[in-house]
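Notes to accompany the following structure.
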2 protein chains.
Amino acid sequence: MYSLDKTDTKLLQALSDDPRSTFVALADTLGLSRNTVQARMKRLEDSGAFLGFDRRINPATLGYPLTAFIEVHVQQKRLAQIVIDLALIPEIVQAHGMSGQADLLVRVVCTDAADLFRIDGTILACDGVERTETSLAMGEVIPYRLTPLLDRRG
Amino acid sequence: MYSLDKTDTKLLQALSDDPRSTFVALADTLGLSRNTVQARMKRLEDSGAFLGFDRRINPATLGYPLTAFIEVHVQQKRLAQIVIDLALIPEIVQAHGMSGQADLLVRVVCTDAADLFRIDGTILACDGVERTETSLAMGEVIPYRLTPLLDRRG
DNA sequence: AAAAAAAGTGAGCAGAGTGCCCTATTCAGG
DNA sequence: CCTGAATAGGGCACTCTGCTCACTTTTTTT
């Protein structure tokens, strides 16, 4: 795998500060030439350093102000089919396969508590799902961030 | 709160398909004029429909191939201070306050199992933290998505 | 039904950013 | 000492943006 040097790290830091930053602006803040920035960004892009470009949409705007995490316990040998079934539930916005107490950690959005109850029921109704544990998210007390990790590498 | 009409929804769909899409391209695909797209995007932006613009960085590239979720049980009245303490741990990339079994759901990245063990120890060492439950994420079986919700509104 | 307000269109323009090219310089490793 | 990679600097055609203005269509209000 490609490993980052100091300049790459600085690039990623600058990008974290302002993801919309242009190549020209990056070159300017880092004191590099535009060509260099462009070349390095291409290398980073090719190496898979970026997961994607996102204009993140607020689920609340879509009418889903509540977020919840649901731990799902399943019959493990049916896991693959269960994931397919869960993917059909629109309110499930993300799911991770887990090693630990639960088999799946599912993130859902909902309109209210009753809606959450309903969605939980839909999940439980999937063949092979044995038990769920629902927790309502009260807030993102630490917003997603990578900056501290970037800062540590200097 | 601002509520979306059909055109807004189509805009958000097009943006989900290609977040990098330009106003010109959006206008083209939706059969609208560039002015209209720009005006609507500004309205959406102002109404808080977008959480932000992200060029998401792959933690693996930074040397953290493993992701884990840690449920943290705390003395609730110390919650505020605990969040401040946790924010000092760089490997914690996100945290949600929860109502349910656990008080906090913390998302961490780490280099390997030993690293995870160490981070867990750091969390446990925080004053007021009583218990943690760690689960290693094996994979994102449903990648973050809002498309199904958008599609449902037509 | 008529008037007013809101939304959309089409055009234009200056400035900025992009992708691509080519060449010169610097610097480390063989 | 030579070679190759990284960087710098310049240039060029093109697209996108932010902005403005005038005009038309649609919707809402009176």
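We name chains A, B, ... by the order of the sequence lines, and we start the count at 1 in each one. The structure presented is a predicted model; accordingly, all values stated were derived computationally and were not measured.
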Could you check how far [atom1] of [X] sits from [atom2] of [N], rounded to whole Å?
{"X": "B/D28", "N": "C/dT9", "atom1": "CG", "atom2": "P", "result": "13 Å"}
{"X": "B/L26", "N": "D/dC16", "atom1": "CG", "atom2": "P", "result": "11 Å"}
{"X": "B/L30", "N": "C/dG8", "atom1": "CG", "atom2": "P", "result": "12 Å"}
{"X": "B/D8", "N": "C/dA7", "atom1": "CG", "atom2": "P", "result": "11 Å"}
{"X": "A/D18", "N": "C/dG17", "atom1": "CG", "atom2": "P", "result": "12 Å"}
{"X": "B/K10", "N": "C/dA7", "atom1": "NZ", "atom2": "P", "result": "17 Å"}

Does [X] come within less than 4.0 Å of [Y], counting only side-chain N to carboxylate O?
{"X": "A/R43", "Y": "A/D46", "answer": "no"}
{"X": "B/D5", "Y": "B/R40", "answer": "yes"}
{"X": "A/R145", "Y": "A/E140", "answer": "no"}
{"X": "A/E130", "Y": "A/R78", "answer": "no"}

Measure across [X] and [Y] and return the closest heavy-atom pair with its distance rounded to 0.1 Å.
{"X": "B/S16", "Y": "B/L150", "answer": "OG-CD1, 3.4 Å"}
{"X": "A/A95", "Y": "A/V106", "answer": "CB-CG2, 4.0 Å"}
{"X": "A/S99", "Y": "B/M138", "answer": "CB-SD, 3.5 Å"}
{"X": "B/M98", "Y": "B/L105", "answer": "CG-N, 3.7 Å"}

Derivation and outcome, side chain to side chain contact (heavy atoms under 4.5 Å, CB included), residues B/F69 and B/H96: CA-CA 11 Å; B/F69 290 89; B/H96 282 87; over 6 Å; no
Pair A/D127, A/Q81: side-chain N/O donor-acceptor within cut-off below 3.5 Å: no
Any B/L4 side-chain heavy atom under 4.5 Å of B/L11 side chain: no
At a cut-off of 3.5 Å, list every protein nitrogen or oxygen paired with a nitrogen or oxygen from nucleotides 3-7 of chain D, distance to 0.1 Å.
residue: D/dT7; atom: OP1; partner: A/R40; partner atom: NE; Å: 3.1
residue: D/dT7; atom: OP1; partner: A/R40; partner atom: NH2; Å: 2.5

Set of residues satisfying side-chain contact (heavy atoms from CB on, under 4.5 Å) with respect to B/T29, sequence neighbours excluded: none
Protein-to-nucleotide contact annotation, 5' to 3' order, nucleotides 17-23 of chain D [B base; S sugar-phosphate only; - none; under 4.0 Å, heavy atom]: BBBB---
Heavy-atom protein contacts under 4.0 Å, nucleotides 25-30 of chain C, coded B base, S sugar-phosphate only, - none: ------
Angle between terminal axes - the helix from C/dA1-D/dT30 to C/dG30-D/dC1, 5 pairs each end, rounded to 10°: 40°
Partners meeting salt bridge (charged side-chain N to carboxylate O under 4.0 Å, His left out) with B/D18 (sequence neighbours left out): none
